[in-house]
Amino acid sequence: MYDVKSLNADEFINHEEILETLEYAEQNKHNKALIEEILEKARPKKTGRGVECAGLTHREASVLLACDLPEMTEKIYDLAREIKQAFYGDRIVMFAPLYLSNYCVNKCVYCPYHMQNKDIPRKKLTQDEVRDEVIALQDMGHKRLAIESGEDPVNNPIEYILECINTIYSIKHKNGAIRRVNVNIAATTVENYRKLKEAGIGTYILFQETYHRESYEVLHPAGPKHNYAYHTEAMDRAMEGGIDDVGLGVLFGLDKYRYEFAGLLMHAEHLEAVHGVGPHTISVPRLKRASDIDPDVFDNGIDDDTFAKIVACIRIAVPYTGMIISTRESEECRAKVIGLGVSQISGGSRTSVGGYAGYSSEERPHDTEQFDVSDQRTLDEVVKWLMDMGYIPSFCTACYREGRTGDRFMALCKVGQIQNCCHPNALLTLQEYLQDYASPETRKVGEALIDREIQNVPDPKRREKALDYLDRIRKGERDFRF
């Protein structure tokens, strides 16, 4: 039986409910009256508290995704853009992945780190190497990292992960500092999640890969990750362990995308129903080529137009959740989906263990890559590209550091009030980047953008304070925040 509040994976991600949802969506994909009704329900509405959105159920959102009427698809895109603007404005948060180890005991058939791959050299960073990687990332201008590691209780125990987090936070190089460490590691115990919380992590991220249980077990034939229920119920354990910011995601291309879409939204609904706060982020990676992995052997790949539709429908269904797209995707694809809902992107990314230190911006080691990087531009090039398109690259970590996480973040976000902090904070952290790391051309574009955007801070006192902070940053001070 489907039960959104159950802690049993097969009940809150219920196979029969998904099949009924997909049948309902197929039956109604040309029902214009119903689609208009769904879109109207999801539209941002001004209230006495600010701007609010109702969001959509997995069944309602699945109707939008199934709809193939061109005029209705354009309305879906228009609404996604409206919602994105209402809650995230033009800000795009920047981050980079840091791969700590590719040792892994799982046999996931889509990942080159699987234990049977003899073509890839195994590597684990020492703490000195972690330090070198972090300094290289700081010298690019990054303030936010997502650490990644294979699942191996001998080589990558929780103690190793905690030690790496401590090392990362301890490093201050020139004006650089990593202010937020998000963690993408295998499902673990409540006790270990408590340890991660105590270490000061930002978001705990875990991709489901696929919500189709039968496919999941085939794709994960051996290793701890084979346990579907333990993996799917990980976010509940993380919440029990005190981590209130969690990030969901599926690997599109492993199974049918409409099934995955419904399962992903059901998981978000479950977290909201049980814990009072939905996912902090949703990631939308697509299967890519890698060592020992040929994505063409999987027959569920999706094209760029379908991918954009998925992004737009997620944005409409869960309006307050951050959406992440990585350098798996090309420049052209990223440009399209940023406007439809994406609020965080990586820049200058390397998916190799030890891929940053000792390499120039043009060099890129491939021997330990987890997947091919489609967007290989430097962080500076990505920052300028965003600004040229009218976006504000943000290196802000203020909410996490001010305790505005979990339900406290959502309470502000759900009435559109988080922008009173986010907009000026984005400009302050962009100014830091321009002062310390940007090329002359990027700095020129950025200064003009800041001068223009600071006038859009509505509160005069806040705007005056932000102008003072900007001036002090230009004179050498750092780390101001609202």
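Below, each value reflects all heavy atoms present in this structure, side chains not excepted, and no hydrogens, waters or symmetry copies.
- In this structure, the separation between CG on N192 and CD1 on I185 is 7.5 Å, given to the nearest 0.5 Å.
- Here the two rings, on H15 and Y259, have centers that are under 6.0 Å apart.
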Decide side chain to side chain donor-acceptor pair (under 3.5 Å) for E17 and H58; before the verdict, give the C-alpha distance in whole Å, the side-chain angles of both, and the deciding distance to 0.1 Å. CA-CA 10 Å; E17 170 64 20; H58 60 275; 2.8 Å; yes

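- A centroid separation of 6.0 Å or more is found between the aromatic rings of H142 and F95.
- When side chains are defined from C-beta on, M323 does not count as touching L340, because their heavy atoms never get closer than 4.5 Å.
- Here the options are V4, V246, V277, the test is side-chain contact (heavy atoms from CB on, under 4.5 Å), and the partner is L271; only V246 passes.
- Ionic pairing of R213 and E217 is present here: one or more N-O contacts between side-chain nitrogen and carboxylate oxygen are shorter than 4.0 angstrom.
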N227 vs H220, side chain to side chain donor-acceptor pair (under 3.5 Å): CA-CA, chis, key distance, verdict: CA-CA 8 Å; N227 189 330; H220 307 92; over 6 Å; no

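- Considering every non-hydrogen atom in both F252 and V284, the closest pair reads CE1-CG1, 4.0 Å.
- Between E26 and K29, at least one side-chain nitrogen of the basic residue sits less than 4.0 Å from a carboxylate oxygen of the acidic one, meeting the salt-bridge criterion.
- Stacking of R237 on the aromatic ring of Y230 is recorded, both the 6.0 Å distance cut-off and the 45° axial limit being met.
- Note on ring orientation: taking the six-membered ring where Trp is involved, the planes of H267 and F12 are tilted (angle from 30° to 60°).
- Salt-bridge formation is not detected for the pair D78/K75: no Lys NZ or Arg NE/NH1/NH2 atom is positioned less than 4.0 Å from an Asp or Glu carboxylate oxygen.
- Of all the heavy atoms in W385 and R334, the pair that sits closest is CH2-CB, 4.0 Å.
- Salt-bridge annotation for K384 and D388: present, with a side-chain N of the basic residue lying under 4.0 Å from a carboxylate O of the acidic one.
- Among all heavy-atom pairs drawn from L287 and L251, the shortest one is N-CD1, 3.6 Å.
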Between H30 and D68, is the side chain to side chain donor-acceptor pair (under 3.5 Å) condition met? List the steps. CA-CA 8 Å; H30 296 154; D68 56 8; 2.6 Å; yes

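- The two residues I38 and E60 have their closest heavy-atom pair at CD1-O, 3.7 Å.
- What you find for T327 and S346 is that their closest heavy atoms are N-OG, 3.2 Å.
- F395 and Y433 have parallel rings, their planes meeting at less than 30° on a 0 to 90° scale where 60° marks the start of perpendicular.
- Using a cut-off of 4.0 Å between Lys/Arg side-chain N and Asp/Glu carboxylate O, E151 and K225 are scored as not salt-bridged.
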